[in-house]
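Before any comments, here is the structure.
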Amino acid sequence: QVQLVESGGGLVQAGGSLRLSCAASRSIFGMGWYRQAPGKQREMVVTITPGSGRTNYADSVKGRLTISGDNAQNTLYLQMNSLKPEDTAVYYCYADWLNRRYWGQGTQVTVSS
């Protein structure tokens with residue numbers, strides 16, 4: 001079992017910044033972030049490939065959002081800069097462990113214009 005707890009969401013004006021955190025109950029190497037806007041399907045934001053550590057960002061967030069991690073704290077971060085109203089969504093972190101994907105509860109990010 002893996003428990004994931006996200007935090008750091010909130011309301012911010014366009015052009016502002018937020019940092020999301022995802023605390024995992026154990027060390028995980030295959031992790032990432034998805035988001036789901038109202039009325040839309042959940043979409044990939046960024047993923048980390050286990051082993052290589054290679055990151056894959058959605059085109060819509062490249063250059064503005066950055067994933068990082070603190071292995072000692074089993075915590076994943078998503079630094080979000082130059083936020084746009086279209087970034088408004090519930091953000092979910094995930095972790096792949098023993099052929100199963102675990103999801104956090106989500107954290108709301110709202111960007112006002």
On a heavy-atom basis, which atom in [X] and which in [Y] lie closest, and how many Å separate them?
X	Y	answer
Val45	Val61	O-CG2, 3.7 Å
Asn81	Ser17	OD1-OG, 3.0 Å
Ile28	Asp96	CG2-O, 3.8 Å
Val5	Gln105	CA-OE1, 3.7 Å
Ala24	Met31	CB-CE, 4.4 Å
Ser82	Arg64	O-NH1, 3.0 Å

Q | Result of checking Glu6, Glu43, Glu86 against Arg35 for salt bridge (charged side-chain N to carboxylate O under 4.0 Å, His left out) | A | Glu43

Flag side-chain contact, heavy atom, 4.5 Å: [X] against [Y]:
X	Y	result
Thr55	Thr47	no
Ile67	Trp33	yes
Tyr91	Met80	yes
Val2	Arg26	yes

Q: Quick one: which residue pairs count as a ring pair (Phe, Tyr, Trp, His ring centres under 6.0 Å) with a foot in residues 34-66, not counting sequence neighbours?
A: Tyr34-Tyr94, Tyr34-Trp103

Q.
Run the side chain to side chain contact (heavy atoms under 4.5 Å, CB included) test on Asn56 and Met44 for me, step by step, so that the C-alpha distance in whole Å, both residues' side-chain angles and the decisive distance to 0.1 Å come before the verdict.
A. CA-CA 9 Å; Asn56 179 37; Met44 185 273 290; 3.5 Å; yes

**Q.** Verdict with reasoning, Lys62 to Asp59, per salt bridge (charged side-chain N to carboxylate O under 4.0 Å, His left out)
**A.** CA-CA 5 Å; Lys62 284 181 180 177; Asp59 288 342; 3.1 Å; yes

Q.
Is there a side chain to side chain contact (heavy atoms under 4.5 Å, CB included) between Asp70 and Leu76? Walk through the geometry before answering.
A. CA-CA 6 Å; Asp70 183 337; Leu76 189 70; over 6 Å; no

Supply the atom-to-atom distance [X] [atom1] to [Y] [atom2], rounded to the nearest 0.5 angstrom.
X	Y	atom1	atom2	value
Gln3	Asn74	CD	CG	12.0 Å
Asp87	Thr110	CG	OG1	11.0 Å
Leu4	Tyr102	CG	OH	9.5 Å

(Q) Test of understanding: clusters of I, L, V, M, F, W, Y form through side-chain heavy atoms closer than 4.5 Å, transitively. Do Val90 and Leu78 belong to the same one? (A) no

Q) Are Leu65 and Val12 connected, step by step, through hydrophobic side chains (Ile, Leu, Val, Met, Phe, Trp, Tyr) whose heavy atoms are closer than 4.5 Å? A) yes

Q) Does the cation-pi check pass for Arg42 over Tyr92, that is, NZ or CZ under 6.0 Å from the six-membered ring centre and within 45° of its axis? A) yes

